[in-house]
Amino acid sequence: MDMIDNTSGRTIRLGTRKSKLAMAQTMMVAEAMKQAEPGIRVEIVPVVTTGDKILDRSLTEFGGKGVFISEFEEGIKEGRFDAAVHSAKDMPMELLEGLEVAATLPRADVEDVFVTVRGRAITNDPMVIGTGSLRRQLQIAERKNGICKLIRGNIDTRLNKLYEGEYDAIILAAAGLKRLGLFADERFEFEILPAKEFTPAGGQAIIAIEAKKDSEFADVFDAVNHKPSSLALNAERKVLELLNAGCNEAVGVYSYMKGDQFVIQLLRETESGLVRCEVIGNPQDYREMAAILVDHL
């Protein structure tokens, strides 16, 4: 249990996973809260989730995205945490009753990254690519001659498996690599996969704060909330909700501002293959835009 103490009367307890990335993201939230309310004390409470314990199976086999979230939701409801910090892409569509996404930090680089070992020739044909994501599997098949093999574990674990030769390449999110300073690791080559061509997961690169709807810290959440990122997350989660999409489906969704217009892109697997479409409109109309996009399929 870590304490960031700025000698104030209020203390907020943040639940988080124990991985380096989760802790780094929670520290970002803590710093934002200290900026918003100088003097607030932030208590960080690490938790090992079900999803962190089971690493030899894909998420679809034992509960989907909720395996990273349920312990925190129960902790918030029971008063063990005041809020939990999540990678937004890991959040299920339905949150526990009485809870909400109270705030988001500014979205980081949203792209996926194709990672290989620097200077190592790939002799396997097809190459072996590590990913557990159906969305990534189907999109990388359009670009690379490879077969996909399940990979689980934190970023360091995945990079080590790549370096040790268990895979020829792996696919990771740019945001996590950047937040941990791993783009500087000279053992690897990093190929950025442009988001408008290689559609990311809904909520990718967004840090979300989950809390009770009537939280006593609502003012702090409002102060740290980055409205453009919150809009993007709401729009992308709305599309996924309308599709009733879980982690056992190949679905990608990405939204962004283009001038004063709001764009939502959707990628989905259909009987005829991968389909990509987009809708453009006013940002305040994102719910209607999401419905139009889903109806188009």
Side-chain angles (χ1 to χ4, degrees), residues 19 21 51-65 67-68 87 89-90 109-177 180 182-183 185-205 240 243 245-254 265-276 297:
S19 72
L21 178 58
D52 296 312
K53 296 173 184 174
I54 303 174
L55 299 177
D56 59 347
R57 288 183 283 161
S58 66
L59 294 179
T60 58
E61 294 183 54
F62 65 100
K65 294 182 178 182
V67 298
F68 293 121
S87 293
K89 70 180 179 64
D90 292 335
D109 296 341
V110 73
E111 294 84 5
D112 282 318
V113 184
F114 188 77
V115 189
T116 53
V117 177
R118 186 184 300 274
R120 178 184 293 172
I122 297 175
T123 57
N124 288 319
D125 186 16
M127 72 174 73
V128 178
I129 302 170
T131 177
S133 162
L134 292 173
R135 171 188 61 82
R136 286 171 170 166
Q137 288 176 26
L138 292 175
Q139 291 189 94
I140 203 65
E142 297 178 319
R143 306 169 71 97
K144 306 286 185 180
N145 177 30
I147 56 172
C148 292
K149 177 182 172 183
L150 175 67
I151 188 169
R152 294 283 316 284
N154 61 40
I155 293 177
D156 284 330
T157 296
R158 297 183 190 205
L159 287 172
N160 287 336
K161 287 181 177 181
L162 170 63
Y163 193 70
E164 290 165 3
E166 191 171 337
Y167 305 87
D168 296 311
I170 60 176
I171 306 174
L172 297 171
L177 290 166
L180 292 177
L182 291 172
F183 278 118
D185 192 329
E186 295 184 352
R187 295 178 300 167
F188 302 106
E189 296 276 2
F190 302 96
E191 178 188 346
I192 304 296
L193 303 172
K196 294 177 184 178
E197 301 170 15
F198 196 97
T199 310
Q204 186 157 306
L240 295 174
L243 286 172
C247 58
N248 59 343
E249 296 180 64
V251 175
V253 57
Y254 173 45
Q265 291 181 197
L266 173 64
L267 169 133
R268 190 183 187 192
E269 183 184 20
T270 68
E271 292 181 355
S272 58
L274 285 179
V275 173
R276 293 175 171 85
L297 293 178

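- Atom CD1 in I140 sits 14.0 Å away from atom CD1 in I147 (nearest 0.5 Å).
- Residue E186 places its CD atom among 12 or fewer non-hydrogen atoms of other residues, nucleotides or ligands, all under 6.0 Å distant.
- Contact annotation: the side chain of T199 never approaches that of V253 to less than 4.5 Å [non-hydrogen atoms, C-beta and beyond].
- With rounding to the nearest 0.5 Å, the separation of CG in L243 from CG in L266 is 6.0 Å.
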### Message
Checking V128 against I122 for the side-chain contact (heavy atoms from CB on, under 4.5 Å) test, could you report, in this order, the C-alpha distance in whole Å, the side-chain angles of both residues, the deciding distance, and whether it holds?
### Response
CA-CA 9 Å; V128 178; I122 297 175; over 6 Å; no
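- Between the side chain of D109 and the backbone N or O of E111, no donor-acceptor pair lies under 3.5 Å.
- Residues N154 and L21 have side chains not in contact (no heavy-atom distance under 4.5 Å, counting atoms from C-beta outward).
- Remark: the backbone N or O of K196 is not paired with any side-chain donor or acceptor of R276 at under 3.5 angstrom.
- What you find for F198 and R143 is that their closest heavy atoms are CD1-CD, 3.8 Å.
- Atoms NZ and CZ, on K161 and R152 in that order, are 9.0 Å from each other to the nearest 0.5 Å.
- The side chain to side chain donor-acceptor pair (under 3.5 Å) test applied to D112 returns R135, R136, Q204, not counting sequence neighbours.
- Rounding to the nearest 0.5 Å places CG of L159 at 4.5 Å from CD1 of I170.
- By the 4.5 Å heavy-atom criterion applied to side chains, I129 and F114 are counted as neighbours.
- Interatomic distance, I171 CD1 to L193 CG, rounded to the nearest 0.5 Å: 6.5 Å.
- Looking only at side-chain heavy atoms (C-beta outward), V251 and R268 come within less than 4.5 Å of each other.
- Inspection of the S133 and T131 side chains reveals no N or O donor paired with an N or O acceptor under 3.5 Å.
- Looking at every heavy atom in both residues, A169 comes nearest to M127 through CB-SD, 4.4 Å.
- The nearest pair of heavy atoms linking L240 to G202 is CD1-CA, 4.2 Å.
- Rounding to the nearest 0.5 Å gives a distance of 5.0 Å between CG of L134 and CD of Q137.
- Contacts of R187 classified as side chain to side chain donor-acceptor pair (under 3.5 Å), with partners at least two apart in sequence or in another chain: D185.
- By the ring pair (Phe, Tyr, Trp, His ring centres under 6.0 Å) test, Y167 is found to be paired with no residue, residues two or more places apart in sequence or in another chain being considered.
- A 4.5 Å side-chain heavy-atom check between F188 and V117 finds at least one atom pair inside the cut-off.
- Nearest heavy-atom pair, A195 versus P200, reported as atom, atom and distance to 0.1 Å: O-CD, 3.7 Å.
- The two atoms that bring L150 and G132 nearest to each other are CD1-CA, 3.8 Å, heavy atoms only.
- Counted within 6.0 Å of CZ on F190, heavy atoms from surrounding residues, nucleotides or ligands total more than 12; the atom is thus considered enclosed.
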